[in-house]
Amino acid sequence: MMNLLIQRHRMVFAALLLFVPVLTGAKGKGCQDSTGGGEAGAGGGEAGTGGGGETAPCVVTGCSGQICADEDMASTCEWREEYACYGEHGVCERGASGECGWRQTPELEACLGGGEPAPCVVTGCSGQICADEHVVTTCEYREEYACYAEHSVCERGASGACGWRQTPELDACIEAASDDGTPVSGF
C-alpha cells in the first residue's frame, strides 16, 4: 500500500515537471526557439535579432499588457486605466533606434488624455502635500498644514511639477503657525 502511494506521488510529480513550461506560459523560453532548432538565442546573433541578423518582433508583455519589449517579461500585477488604451490603440513596434516601444498614434494620445497632464492632488495624511498622485505619509499634524488649505493652491508649475503656489498670505500664515517663528519649508 505504501509503495503504491509513493509511486502515485512520483507520477504526479513527473507530470507536473513536464507541464511546468505550459503552466508558466513558457512559449519556447529556454527550450527551443521559434525555428525549432536548439535553445533560444543559440544562433549567436545580437540582442533583438533572430540569430540570422533579422530583427525579432517586439512583444506586448507585462501582467496587464502595458509593456512593449524585446522579450516576454514579468511585471507587478496592478491595473491602471491607461493600460486599456495600449490594448485598444497601441502599436508595439521597434523604433528607428532599434528599441521596442509604443508608437504614439493620435488615437493612443487621445485615449491617454491628449497630452494634458493629470491634475495635481492634495495628499498626505494631513493634506500637507501637493503631488501628481496620492502619497502615503505619517499621520502627524502641524498648525502650518492648515495654511496650505486656506492660503495656497495646489497646481502644476511652469516646470510641470506639482506644488503649492507661494503667496505672501501663505508665508505669513506659516510663519505665524510655526512654534519658533521661522518659516517652514519643504512642502
Side-chain angles (χ1 to χ4, degrees), residues 24-25 29 46-49 55-187:
T24 61
K29 294 179 188 65
E46 298 176 25
T49 65
T55 304
C58 298
V59 294
V60 176
T61 185
C63 185
S64 302
Q66 78 279 20
I67 300 172
C68 175
D70 287 316
E71 61 185 32
D72 208 8
M73 57 191 323
S75 69
T76 57
C77 288
E78 59 189 44
W79 177 255
R80 294 186 178 178
E81 291 301 317
E82 60 262 25
Y83 295 168
C85 296
Y86 293 111
E88 294 173 21
H89 307 289
V91 177
C92 177
E93 65 183 4
R94 194 171 300 282
S97 66
E99 294 183 18
C100 290
W102 295 104
R103 182 186 334 147
Q104 295 299 309
T105 62
E107 297 84 7
L108 179 60
E109 288 180 9
C111 184
L112 291 173
E116 291 291 320
C120 299
V121 294
V122 176
T123 185
C125 187
S126 302
Q128 77 276 22
I129 298 175
C130 174
D132 288 307
E133 59 188 30
H134 290 282
V135 177
V136 177
T137 64
T138 57
C139 287
E140 59 184 74
Y141 183 78
R142 296 170 65 174
E143 292 296 320
E144 55 268 15
Y145 293 167
C147 298
Y148 292 99
E150 295 172 17
H151 301 289
S152 191
V153 175
C154 176
E155 64 185 6
R156 198 169 296 281
S159 68
C162 289
W164 296 105
R165 182 188 313 153
Q166 292 300 118
T167 63
E169 296 84 10
L170 176 64
D171 292 338
C173 181
I174 290 174
E175 188 173 331
S178 66
D179 294 336
D180 60 2
T182 58
V184 177
S185 62
F187 299 104

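Residues: numbered from 1 along the sequence shown. Just so we're clear, the structure is a prediction, and the values are computed from it rather than from any experiment. FYI, side chains are in, hydrogens and waters are out, and symmetry mates aren't considered; it's all heavy atoms of this structure.
Here the shortest heavy-atom pairing between L108 and R103 reads CD2-O, 3.5 Å. In terms of heavy-atom proximity, V59 sits nearest to E71 at CG2-C, 3.5 Å. In this structure, A131 and T123 approach most closely via the heavy-atom pair CB-CG2, 4.1 Å. The shortest heavy-atom contact between T105 and H89 is OG1-O, 3.5 Å. The shortest non-hydrogen separation linking W79 to E81 is NE1-OE2, 3.8 Å.
Separating the SG atom in C125 from the CD atom in E140 is a distance of 9.0 Å, to the nearest 0.5 Å. From I67, atom CD1 reaches atom SG of C58 across 13.0 Å, with rounding to the nearest 0.5 Å. The distance from atom OH of Y86 to atom SG of C92, rounded to the nearest 0.5 Å, is 11.5 Å.
Of the possible donor and acceptor atoms, one in the side chain of W164 sits under 3.5 Å from a partner among the backbone N and O of Q128. R94 places no side-chain N or O within donor-acceptor distance of the main-chain N or O of D70, the cut-off being under 3.5 Å. Although no hydrogens or angles enter the test, the distance criterion places a donor-acceptor pair under 3.5 Å between the side chain of S64 and the main chain of E78.
There is no side-chain donor-acceptor pair under 3.5 Å between S97 and E99.
The sulfur atoms (SG) of C147 and C173 lie less than 2.5 Å from each other. Per the SG-SG cut-off, C100 and C68 are not bridged by a disulfide [distance not under 2.5 Å].
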Any chance you could lay out the disulfide (SG to SG under 2.5 Å) test for C162 and C120, step after step, and finish with the verdict?
CA-CA 6 Å; C162 289; C120 299; 2.1 Å; yes

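Ring geometry for Y141 versus Y145: interplanar angle over 60°, hence perpendicular rather than tilted (30 to 60°).
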